[in-house]
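Encoded as structure tokens, the structure appears first; notes follow it.
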Amino acid sequence: QNSSLRCLTMNSNQIRLDRLVIHPSRLPHWQRKELKQRNRQKQEKKLTELATSLLDQNSDSDDDEIDCDYAVDALFRALATNSTLELLDIGHNEISLAEVELKSWELLEQNNTLRFFLMPGATFNCNCIKYIPTSVEYLDMSKLYCLEMDQLFSALLDCAPRLQNLTVLDISHLPYVSNSAFSILMNFVHHLPSLRSLSLSRCGILADLATSLSHCIQSHPSLQYLSLSSNKIGENSNLIINAAKQRVESHVSSFTLDLSHNNLSFEQIQSLTEQQNSSLCLIIDA
């Protein structure tokens with residue numbers, strides 16, 4: 001029993017919702033040998049015990065047992081009743097989600113204390129996104145190389161009404177984002193009134209998307225930080241800079257824009273650097 005747990009990280013533990021064999025080559029090198037030595041039943045027992053320890057101490061749980069087929073089902077069931085956990089990191093785990101297993105995410109949805117939800121590099125079905133707890137303020141969905149971007153952003157857009165408390169969104173390090181997927185993403189961001197920080201680093205964003213980004217900067221009510229580093233915006237960076245300048249002129253708050261590593265010329269960098277002021281911070285590099 002644990003009534004004071006606030007942070008739980010299980011990054012790179014290869015937690016699964018199914019019974020498929022985990023291929024050792026998908027793991028970090030330090031875990032490959034360990035994985036070969038593990039017994040699947042022992043893994044399930046250990047994680048189920050962890051889940052049991054997360055149950056609220058105030059519940060009548062002396063004789064409670066978690067009856068489930070999968071370890072993650074046990075974990076999410078425990079989190080549904082936990083009243084202290086604020087951070088959950090399940091990044092870099094292959095959470096393969098079949099329709100019959102959506103009940104696990106439905107249980108997680110009941111949690112109302114989770115503020116930081118980290119799932120970078122995880123593998124999951126986009127259907128589970130709609131069960132992200134409404135209390136989440138920080139959402140890390142970076143490095144989702146195995147997902148279809150149009151499907152991912154459409155799922156996020158559908159659940160935008162549930163994410164009104166979201167202040168930080170990291171969806172960096174994604175495969176190439178098409179124009180159609182980017183349009184859906186911008187629509188999603190537009191429906192997040194509390195969002196202050198957005199990271200789109202290393203998403204393969206091209207120069208022709210600068211207009212959409214400029215509109216986002218000008219129109220969003222609360223955005224204060226936008227990272228576009230390591231993309232290919234290049235010559236159209238001026239459109240984004242001008243939008244940022246207009247924003248700080250019409251808003252009281254400051255604005256930080258990261259355009260580093262975007263194939264900018266030396267002349268562009270020199271010109272953009274001169275446009276910085278006390279309200280506008282530009283992060284620019286070659």
Side-chain angles (χ1 to χ4, degrees), residues 86 88 97 102 105-106 108-120 122 124-144 147-206 208-228 231 233 239-240 243-244 246-248 250-258:
E86 295 183 359
L88 176 62
L97 197 63
L102 281 172
W105 289 88
E106 292 174 359
L108 178 63
E109 180 186 17
Q110 301 173 26
N111 184 286
N112 58 10
T113 62
L114 193 63
R115 297 173 55 206
F116 304 89
F117 192 18
L118 288 70
M119 44 202 301
F124 57 90
N125 189 303
C126 290
N127 290 332
C128 72
I129 291 177
K130 61 185 176 183
Y131 299 115
I132 294 176
T134 58
S135 57
V136 169
E137 301 174 12
Y138 183 109
L139 181 59
D140 184 348
M141 302 187 72
S142 61
K143 303 178 182 178
L144 302 182
L147 300 181
E148 177 63 38
M149 294 299 102
D150 287 72
Q151 184 181 8
L152 172 63
F153 295 153
S154 294
L156 284 171
L157 178 59
D158 290 341
C159 74
R162 292 180 44 80
L163 300 177
Q164 297 300 289
N165 293 319
L166 197 64
T167 59
V168 178
L169 176 61
D170 185 350
I171 46 178
S172 60
H173 293 258
L174 297 182
Y176 168 72
V177 178
S178 65
N179 286 9
S180 61
F182 193 79
S183 177
I184 300 172
L185 173 61
M186 290 294 98
N187 193 9
F188 168 60
V189 171
H190 177 73
H191 286 83
L192 301 175
S194 301
L195 190 67
R196 296 182 181 178
S197 174
L198 174 63
S199 178
L200 298 173
S201 302
R202 295 183 182 274
C203 287
I205 298 175
L206 302 177
D208 58 352
L209 296 176
T211 301
S212 296
L213 287 166
S214 300
H215 178 70
C216 175
I217 293 173
Q218 288 179 310
S219 62
H220 197 280
S222 59
L223 195 63
Q224 297 179 5
Y225 174 84
L226 175 61
S227 175
L228 298 170
N231 284 295
I233 298 173
L239 292 175
I240 300 175
Q246 294 177 21
R247 179 180 180 84
V248 298
S250 59
H251 290 69
V252 177
S253 60
S254 60
F255 190 79
T256 300
L257 178 63
D258 186 350

With [X], which residues qualify under side chain to side chain contact (heavy atoms under 4.5 Å, CB included), at least two apart?
X    : result
S180 : D150, S178
F117 : L88, I90, W105, L108, L114, M119, I132, V136, L139
H215 : S219
L209 : N179, F182, I205

Nearest 0.5 angstrom please: [X] [atom1] to [Y] [atom2], how far?
X    : Y    : atom1 : atom2 : value
L156 : L163 : CG    : CG    : 7.5 Å
E86  : R115 : CD    : CZ    : 5.0 Å
L200 : S227 : CG    : OG    : 7.5 Å
F153 : M186 : CZ    : CE    : 8.5 Å
S199 : D258 : OG    : CG    : 8.0 Å
Q224 : L195 : CD    : CG    : 10.0 Å

(request) Decide side chain to side chain contact (heavy atoms under 4.5 Å, CB included) for I233 and L206; before the verdict, give the C-alpha distance in whole Å, the side-chain angles of both, and the deciding distance to 0.1 Å. (result) CA-CA 5 Å; I233 298 173; L206 302 177; over 6 Å; no
Please find the pair of heavy atoms, one from [X] and one from [Y], that lie closest to each other, and give the distance.
X    : Y    : answer
L192 : F188 : CG-O, 3.4 Å
S214 : A243 : O-CB, 3.5 Å
I129 : A155 : CD1-CB, 3.9 Å
P193 : P221 : O-CG, 3.9 Å

Check whether [X] reaches the backbone of [Y] with its side chain - one donor and one acceptor, N or O, closer than 3.5 Å.
X    : Y    : value
R247 : H220 : yes
S201 : L228 : no
N231 : C203 : yes

Can you check whether [X] reaches [Y] side chain to side chain, under 4.5 Å on heavy atoms?
X    : Y    : result
H191 : L157 : yes
Y225 : L257 : no
S142 : I171 : no
L152 : M141 : yes
F116 : V168 : no
T256 : L226 : no

(message) Determine whether C216 and V189 satisfy the following criterion, side chain to side chain contact (heavy atoms under 4.5 Å, CB included), listing intermediate values before the conclusion.
(response) CA-CA 8 Å; C216 175; V189 171; 3.9 Å; yes
(request) Would you mind listing every side chain to side chain donor-acceptor pair (under 3.5 Å) that reaches into residues 154-175, with sequence neighbours excluded? (result) E109-R162, D170-S172
(request) Quick one: which residue pairs count as a salt bridge (Lys or Arg N to Asp or Glu O under 4.0 Å) with a foot in residues 218-228, not counting sequence neighbours? (result) none
